[in-house]
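Letters A, B, ... mirror the listed sequences (proteins, then strands); counts begin at 1.
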2 protein chains.
Amino acid sequence: MTTSTLSRKDQIEQTATALFKSRGYAATSMRDLATELGLEAASLYSHIKSKEEILQRICFRMANEFFEGLMQAEKTIGNSTQKLEAAIKSHLTVLTKQPAASAVFQNEWKHLSEPFLSNFLKLRHDYENHFRQIIQEGNASGEFAVADEKMATLMLLSSLNFVHAWYKPYGKLSPQQISDTLSNMLLNGIVSGGKSQTAVRDLSIPNQSDGDVYIPAQKPAGFKNPKEQLKNIHQN
Amino acid sequence: MTTSTLSRKDQIEQTATALFKSRGYAATSMRDLATELGLEAASLYSHIKSKEEILQRICFRMANEFFEGLMQAEKTIGNSTQKLEAAIKSHLTVLTKQPAASAVFQNEWKHLSEPFLSNFLKLRHDYENHFRQIIQEGNASGEFAVADEKMATLMLLSSLNFVHAWYKPYGKLSPQQISDTLSNMLLNGIVSGGKSQTAVRDLSIPNQSDGDVYIPAQKPAGFKNPKEQLKNIHQN
DNA sequence: GTCTATATGGTGATAGAC
DNA sequence: GTCTATCACCATATAGAC
């Protein structure tokens with residue numbers, strides 16, 4: 001699926017997605033977008049009605065994808081742990097298949113105008129509630145031990161959502177490995193202990209999965225005192 | 001500490017912080033900021049050199065606060081669990097004391113110009129490495145059972161960092177409760193089991209901590225199909 | 001469908017009076 | 001330290017030729 005096989009409108013959306021992710025929606029101009037596509041800015045308006053329309057399409061398309069995945073996951077037969085695992089895996093599948101669009105979905109929705117903004121927030125709220133429902137059921141059955149279901153839901157989703165910031169499609173970690181490892185950590189925690197680890201298909205993930213993000217460092221680099229930076233900021 | 005006790009420069013920074021958080025840096029104009037303060041835009045330049053200087057000050061001041069807290073936490077005497085708890089608590093203390101500045105710190109740094117951008121990313125990298133070091137030590141001693149230390153670090157920090165999006169200073173949850181509950185969930189997971197829960201001072205947090213964010217819903221609202229939204233976006 | 005030209009208004013920042 | 005006036009530029013979007 002190269003760029004050339006896409007319709008012009010889809011090319012515009014794809015390129016805009018990449019720019020919105022890296023520079024932010026407000027800091028991306030139609031000239032930037034046109035230049036990236038080898039066009040003049042005015043030509044874009046033969047394909048789209050406005051800059052915001054592009055954002056709307058990205059946000060609601062992604063909302064739709066996250067929702068469809070969750071609806072499938074909720075059909076999973078089994079206990080709450082298995083349902084939650086399926087929901088986590090579905091969320092991460094969407095996120096790793098479309099990391100840039102997911103980032104825009106999560107970070108740029110505030111620039112939607114009404115009534116799109118309200119509709120978007122309602123959808124997100126519903127989505128969170130479905131996750132919370134799974135946690136609630138697991139808590140009621142004694143399967144989970146969660147003190148605050150709302151916080152657990154938000155913690156869980158924020159852990160998953162940040163994946164777009166470090167996931168590399170061609171990195172050493174496959175979506176499956178990410179899904180398994182994250183599921184296990186969220187369900188069973190960091191502290192060692194004899195808990196069930198039904199989600200874990202591969203615990204022998206090579207510990208050296210660095211490279212993607214970090215310079216492998218055995219010892220953390222010493223602090224370069226942040227106060228130094230403050231001093232370097234130009235005063236008036 | 002009312003606004004009127006602050007210097008004009010601090011008033012500007014405080015108001016800018018709120019605007020940058022809610023609208024984003026790029027979408028906030030100097031005229032917006034001036035209007036909020038009851039000034040003309042030109043008057044701002046008697047106190048600051050540029051719009052970006054405000055962002056620089058916020059970002060590096062917060063980097064400094066997060067760092068100083070972590071350095072204190074690392075002095076904690078005890079095992080890795082206790083050290084990690086102290087680091088989590090310190091991080092959340094900074095975050096809950098200055099939620100708006102924390103949000104700007106996390107979401108708007110990309111608008112820094114060089115060399116500030118590179119310096120900022122280096123500091124953030126160092127910070128993550130110090131967290132990772134704690135996890136690494138706990139893993140080595142057998143105290144933790146983490147398959148991927150990098151992912152654990154990123155998962156942990158992303159869970160904590162999203163708190164700014166839902167924390168309400170005058171909500172029902174105190175910073176202490178948030179810290180205890182989050183620590184427990186991250187360390188011990190969601191699944192029930194006989195794991196140590198040393199961090200938990202209060203498991204009887206009222207489950208109805210809603211209100212802040214959610215309309216209390218016993219059952220999640222039915223999906224309002226996101227596809228409907230897609231249709232409503234204006235086509236060309 | 002893409003171009004040039006342009007309308008209309010907002011942007012960060014400065015000069016200089018008070 | 002705040003104001004008015006202004007600069008030089010960039011923003012989104014449209015009109016109309018090709």
So, B:Ser113 versus B:Glu52: side-chain donor-acceptor pair below 3.5 Å or not?
yes
To the nearest angstrom, how far is B:Leu39 atom CG from D:dT2 atom P?
6 Å
With a 3.5 Å cut-off and no angle check, do the side chains of B:Arg61 and B:Gln98 form a donor-acceptor pair?
yes
Return the value, rounded to whole Å, for the distance between atom NZ of B:Lys9 and atom C1' of D:dG1.
14 Å
Answer with yes or no whether the side chains of B:Ser158 and B:Asn161 bring together a donor and an acceptor at under 3.5 Å.
no
Rounded to the Å, how far apart are A:Leu19 CG and D:dA11 P?
13 Å
We want to know whether A:Asp32 and A:Ser29 form a side-chain donor-acceptor pair, criterion being a heavy-atom distance below 3.5 angstrom.
yes
Looking at residues at least two apart in the chain, or sitting in another chain, which of them share a ring-ring contact (aromatic ring centres under 6.0 Å, His included) with B:His164?
none
Please report the distance, rounded to the nearest Å, between CG in B:Leu37 and C1' in D:dC3.
16 Å
Any side-chain N or O of A:Ser43 under 4.0 Å from OP1/OP2 of C:dC3?
yes
Sorted by chain and number, sequence neighbours left out, side-chain contact (heavy atoms from CB on, under 4.5 Å) with A:Ala18 holds for none
How does protein contact run along nucleotides 5-18 of chain C, one letter per nucleotide 5' to 3', with B for base contact, S for sugar-phosphate only, - for none, heavy atoms under 4.0 Å?
B-----BBBBB---
Roughly, in whole Å, what's the span from CD1 in A:Ile12 to P in D:dA13?
13 Å
Rounded to whole angstrom units, what separation is found between the CG atom of A:Leu33 and the C1' atom of D:dC10?
16 Å
